[in-house]
Structure formats: structure tokens, C-alpha cells
Amino acid sequence: MTKFNRDTAQWQELDREHHIHPFTDPAALGKKGTRVITRGEGSYIWDSEGNKILDGMAGLWCVNVGYGRKELIDAAHEQMKELPYYNSFFQTSHQPQIELSRLLAEVTPEGFNHFFFAGSGSEANDTNVRLVRHYWDVKGQTDKMTFISRKNAYHGSTLAATSLGGMGYMHNMGGKNASLLPGFEHIGQPFWYLEGDDMTPEEFGLERARELEEKILELGADTVAAFIAEPIQGAGGVIVPPDTYWPEIQRICKKYDVLLIADEVICGFGRTGNWFGSETMGIKPDLMTMAKGMSSGYLPIAAVGMTDEVFEVLNGGGDINHGYTYSGHPVASAVAIANIHYIKGHNLVEKVREETGPYLHAGLQDLADNHPLVGETRGRGLMAGIQLVKDKATRTTFSGDEDAGTICRNYCFQNNLIMRAVDQSMIISPPLTISKSEIDELLEKGKLCLDATARDLGLM
Ligand code: PMP
């Protein structure tokens, strides 16, 4: 066993000296020092100072079965002993990869029977771009190259995934649009609370969906390959589209022969109370991106799933010149299999849908009704957003140096609760194994932090 016997200050110093963090200002973190997480069990993590922290984010939306599950650990150990690595390039396969493909066909919606493996959500979305362009090429519609997604969407951090995403600050890293490839277009997001003005949610949902039609007509349907979106936007702020949105998007994709890709990286594997967010939102996609909850983050693995119709085309199209050394890694596949069995065996999807999800949302609704800082709460299953506002009646958010999200996030940190701030929303996405009493703790601590934030901002 590697011995990690240093104290917190030493770890912070070494981290500052040698480790570059994702999505972080190194100089700012260097001044503060990182929090060092040492262990996890169930819904909790511990830091190097011995603090027990309730993980309201399941890591990064991924530890669906909670920490420390023996079934997943044993699966990794056994597979490591048997076959720690082999590839699937040389007309070879291994049992965990094949069994995982079979299991995925079982848990994904009807018609999804074919899976291409990757190591992360970003790689899987790059795979989407490459496979979908190949698909249209094989069909002889070689101009269908452009992808449409939404502003404020997150689809990953590789170049293609950054381009699929709609985060301006990511596109502009390295200079204006330096990280935005040609062939990627973005339309408005269906975020009624902040962008719906005086429209009803239903009117606004239709309007935002019709931006897709306008964009397709502007570009020419014969140039548009696919539209990609999360069923419920996660990192954008847990944005649930109005009911009118998805049926209209589906109609438009069908009418103009544009493939629909559901990015299920967050929504998949039970998070929204169904196996996939597409089921919760009533969507029938052609392809799905999966990662995170597929292995509960115990090991990195991801996949692109596709319908029989899409696969039939690729099946007649010759070589697929795409793949990763770790596509369907045997140990990660074995862990993903154990993870899916764990979700099934503990009825986690049903539990989220019928018990813990409604319980969490009832508690959050109480905040929306009674807390001066909370404009609305939203989400499905164990995926929720709390919108912080300056004025509930007019849906006005804070501006300038009143950074409500960061203030609240800092109070959460102090109170040993992980809630993430996305702009002026607080985000909750705990392990799917969270109990009702742990949800009570989450809500109590959350309210404490909202109260403190409201006092700082003069609302209480
Ligand atoms: N798609 C979505 C919807 C995501 O939330 C994420 C990660 N947060 C990704 C893709 C990228 O996944 P990864 O970080 O594993 O590359």
C-alpha cells in the first residue's frame, strides 16, 4: 500500500507546487490551499482534517451508488487479477466488455442495442461527432456536417466537446473563439426562469424549440448532422425545459432529418428517477452519451449508445477509424457491470422515482415557498437546482459584486456540506443511495447556508 502520511499543510504545499487543477485559477487556489479528501463511505466523504462532509454532489454528479461499495471494489480486484488490460482493436474482445454491452442493451430504451466505448464523457461526445459524420457520409449525404447545440450547454472539455458545448468562457480560452471549431452552432437554452420574460413557460418552451428550426433553415437542412442536448441541463444549472420544448424539438429533428443525440452523462443511470433522462422527458433519441453513473465514477468509462437504425448504416460503411486504447477497459467494464447490478439489486431507480426524489423536492418546495433568497427550485429525481434571487416577485437576480452563489457555496464548505454553485443557482445531486434522514440533514444544512447568505446580502 502506498502510504500517504503527510499532514494537510504538506499536502497543500505539494499540490501548489506540482498539481494543476481543472476549471480553477491556480494562483487563487495556491493562496488558499486545496481541501484534501481522504476517504468516502455511503453519502459522506472525509477530509485530511477529519471533517465528515455530506456529499450533496455525488462527487461530480457521478457516485450514484455511494462510496465504499464492496461489490464494485471486488469486481475491480478480481478483474485486475484475471486480465487487467486488453484492447478491442485487433479483432479481439474480452468478456467484461461484451457482458457490459449486453447489460447496456438491457437497461437502455428500446432500440438501443449497440455501444462504442470511451474513457470519459468528453471522449464519448467526440465519438458522437466522428461517428455521426461518418453515418451521413456512408448514406451519401456528405454535406451533413454541422452540429447544433445550446448556449450554456456543457458537453465536455476536449476540443470537439468544448465546441459542442455552449460555454463562451470555454470557447474563448486562448483567445476569442480559439477553442471553438468550425461546424458547431448554438441556439438559446430553455431556461424560462431567467430568460422567459413575460411569456408563459409553455410559450417560451415552444419559442426556444423553434430556434432549432430557424437555425436549420438558415444553415440548410442538408448541412445539419445532429442536434445534441441533455434531457435536463446539469452543469448549466439543472434546467428543466418547459413541457412544450422536447416534443417540438423531436418534431423538428424528424422533419429535417437531423439526428437527435441525448447527452445522458449526468441524467443517465437513475439520476432523474428512470434509467435515462430521455425516458423522464419523453424523448426518443438516435444516440445517447453515457459516462459518470455508468460506473458510479469508481473507474473512468463512457459509451455512445445508438439505435439499430443508426448502427445498420455504420454496419455497411466499412472501417470505423476511431477508438481509444482504453475503449471498454476490462477493469472499468467489470466495475460498470457490478454498478448496474447494484443499481438494479437495490431498486435505486424506483427508489429515486417514488421515495427519495419526491422527498427531496418536497423539502425544496418549502424553501421556494418561504425563503426570501429562493426564487424557485427545480429538477427531477435526485437532481435539483435552487435559484437564488434578489427579488422573488420580479425574478430579479443579483448583479455585480453580490455573488450570491459563491457566498452560499463558501458557507456550505464551512458547514461540511457539498453543494455546487452555478452562477446564482445552488446544485444538488447526491448519491442515489441517500437516505431520507440524510436528505433531512442536507436540507437543514442547506437552509442554514441560505440563511447566512441572505443575511450577508441584506435579505434577512
Ligand atoms: N456531458 C455532460 C452533460 C457532462 O455533465 C459532462 C461532465 N460534467 C460531460 C459531458 C463530460 O464528461 P467528462 O468530464 O467525463 O469528460
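Side chains included, hydrogens not; waters and symmetry mates left out as well; all remaining heavy atoms used. Start at 1 and go down the list; that is how both ligands and their atoms are numbered.
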query = Is the number of heavy atoms from other residues, nucleotides or ligands within 6.0 Å of NE2 (H77) greater than 12?
reply = no
query = Is NZ or CZ of R395 both nearer than 6.0 Å to the six-membered ring centre of W192 and within 45° of the ring axis?
reply = yes
note = Among S122, S157, A124, closest by heavy atom to atom 14 (O) of ligand 1 is S122
query = Which bit of W61 gets closer than 4.0 Å to ligand 1, counting heavy atoms only: side chain, backbone, both or neither?
reply = neither
task = Look at atom 5 (O) of ligand 1 and say which protein heavy atom is nearest, naming residue and atom and giving the distance to 0.1 Å.
result = I266 CD1, 3.2 Å
key: Contact atoms of ligand 1, heavy-atom distance to S120 under 4.0 Å   = 15 (O), 16 (O)
message = Is it the case that over 12 heavy atoms from other parts of the model lie below 6.0 angstrom from the CG atom of D243?
response = no
message = Taking salt bridge (charged side-chain N to carboxylate O under 4.0 Å, His left out) as the cut-off, I'd like each qualifying pair that reaches into residues 55-77, sequence neighbours left out, listed once.
response = K70-D74
query = In ligand 1, which numbered atoms sit nearer than 4.0 Å to a non-hydrogen atom of E230?
reply = 3 (C)
request  = For D263, take its heavy atoms, then give the atoms of ligand 1 lying under 4.0 Å from any of them.
outcome  = 1 (N), 2 (C), 3 (C), 10 (C)
request  = Measure the distances from the heavy atoms of K292 to every atom of ligand 1 and state whether one is below 4.0 angstrom.
outcome  = yes
query = For atom 12 (O) of ligand 1, which protein heavy atom lies nearest, and how many Å away is it?
reply = G121 CA, 3.3 Å
message = Atom CD of residue position E82 - does it have more than 12 heavy atoms of other residues, nucleotides or ligands inside 6.0 Å?
response = no
query = With a cut-off of under 6.0 Å to the ring centre and 45° to the axis, is R39 in cation-pi contact with Y67?
reply = no
